[in-house]
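Encoded as structure tokens, the structure appears first; notes follow it.
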Amino acid sequence: MANDRPDLAGAPTDASRHIPPGQHLVHGWPVSHYGSVPRFRPERWNLRVFGATAERAERVWTFDVLTDLPRVTVVADLHCASGPTTLDHEWYGIPASAVLDLVPPAPGVTHVMAWAEYGYTTNLRLSDFTAPGTLLATHHNGEPLTAEHGFPLRLVVPHLYGYKSAKWLRAIEYLTEDRRGFWEERGYHNIGDPWQEQRYSHQEKPGEGPVPSDQRRPS
Ligand SMILES: Nc1nc2c(c(=O)[nH]1)N[C@H]1C(S)=C(S)[C@@H](COP(=O)(O)O)O[C@H]1N2
Ligand SMILES: [Mo]
């Protein structure tokens, strides 16, 4: 693919870019997800923040209200845990840390669950959710997200594998203990750091995943 680009001759190429172990570079931007692409119905759409909030009440934002929230631009690569890496995505949207500022968590919140259309979920440590690069993106490379890439809103967690970047985001749930999301329940690593190649759940070390319920002490 890169051979048809004469500008790459002798210059540092994409192929020399440092990408995580076991990943391969892919040009363009393939679409990757489980199931079908949901249709956006603005009148029914909302973003919910629920679970262990400080006020013990949930917050619901309509689509219009999102434009009042703070915005940030983040440029980052995207690493799918099945191998492909795509480079230099310019994301624009709401910094995830702003959600915590606007809806404070109760003391004891350690993780969040991101909920997407059709019940797709992915869990994150609070520190990964509030990391400076994590955002709720509305735009990509200056354009609104396309339907297949998550319009109208997707989570982007650039420092973790792609399955943490939930497309068609609909809710954030505050958790006082960790719980596995969709792919995390289906053999993928609970944390998913591509630089440590945390691809599969069988690689998890003690403390990297939720304590199985049968090993929990009665509280
Ligand atoms: N709702 C939802 N979000 C999802 C997925 C999914 O199946 N459903 N797949 C994830 C995976 S595995 C990857 S690699 C990225 C891919 O995002 P892209 O299609 O925009 O490249 O979306 C993530 N977000
Ligand atoms: Mo993926």
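Numbering of ligands and ligand atoms starts at 1, following listing order. These numbers come from the heavy atoms of this one structure, side chains and all, not from hydrogens, waters or symmetry mates. Please read these numbers as outputs of a predicted model, since none were measured by experiment.
The distance from ligand 1 to the heavy atoms of Ala116 drops below 4.0 Å at these ligand atoms: 1 (N). Close approach of ligand 1 to Val31 (heavy-atom distance below 4.0 Å) involves ligand atoms 19 (O). Under a 4.0 Å criterion applied to the non-hydrogen atoms of Leu78, ligand 1 contributes the atoms 21 (O). When each atom of ligand 1 is checked for a heavy atom of Cys80 under 4.0 Å away, the hits are 14 (S).
Below 3.5 Å of separation, one finds no N or O of Glu148 facing any N or O of ligand 1. For a threshold of 3.5 Å applied to N or O pairs, the pair formed by Trp29 and ligand 1 contains at least one separation below that value. Of the polar atoms of Glu117, none of the N or O atoms is found under 3.5 Å from an N or O of ligand 1, judged by distance alone. The N/O atoms of His149, backbone and side chain alike, include one that comes under 3.5 Å of an N/O atom in ligand 1.
Residues Leu145 and Lys167 fail the side-chain proximity criterion, which asks for heavy atoms closer than 4.5 Å.
Thr138 and Arg71 share a donor-acceptor pair across their side chains, judged by distance under 3.5 Å alone.
Within a 6.0 Å sphere centred on CZ of Arg39, heavy atoms belonging to other residues, nucleotides or ligands number 12 at most.
Here the heavy atom of the protein found nearest to atom 7 (O) of ligand 1 is Tyr34 N, 2.7 Å. Summary of contacts: the protein heavy atom closest to atom 24 (N) of ligand 1 is Ser165 O, 3.0 Å. With respect to atom 1 (N) of ligand 1, the closest heavy atom belonging to the protein is Lys167 O, 3.0 Å. Residue, atom and distance of the protein heavy atom nearest to atom 16 (C) of ligand 1 are Ser32 O, 3.2 Å. Looking from atom 17 (O) of ligand 1 to the surrounding protein, the closest heavy atom is Arg154 NH2, 3.2 Å.
A salt bridge is defined here as a Lys NZ or Arg NE, NH1 or NH2 lying under 4.0 Å from an Asp or Glu carboxylate O, and Arg199 with Glu197 meets this definition. A salt bridge links Glu204 with Arg180: the distance from a Lys NZ or Arg NE/NH1/NH2 to an Asp or Glu carboxylate oxygen falls below 4.0 Å. Note on Asp178 versus Arg125: no salt bridge recorded, every NZ/NE/NH1/NH2 to OD/OE distance being 4.0 Å or above.
Heavy atoms of Pro30 approach ligand 1 to within less than 4.0 angstrom.
For the pair Arg154 and Phe151, the cation does not sit on the ring face, since its NZ or CZ is not both under 6.0 Å from the ring centre and inside 45° of the axis.
Using a 30° and 60° split on the angle between ring planes, Phe63 and Trp45 fall in the perpendicular class, above 60°.
The option with the heavy atom closest to atom 13 (C) of ligand 1, from among Gly119, Ser36, Gly162, is Gly162.
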What's the verdict on salt bridge (Lys or Arg N to Asp or Glu O under 4.0 Å) for Arg179 and Glu173, showing C-alpha distance, side-chain angles and the deciding distance?
CA-CA 11 Å; Arg179 195 171 84 222; Glu173 179 187 12; 2.8 Å; yes
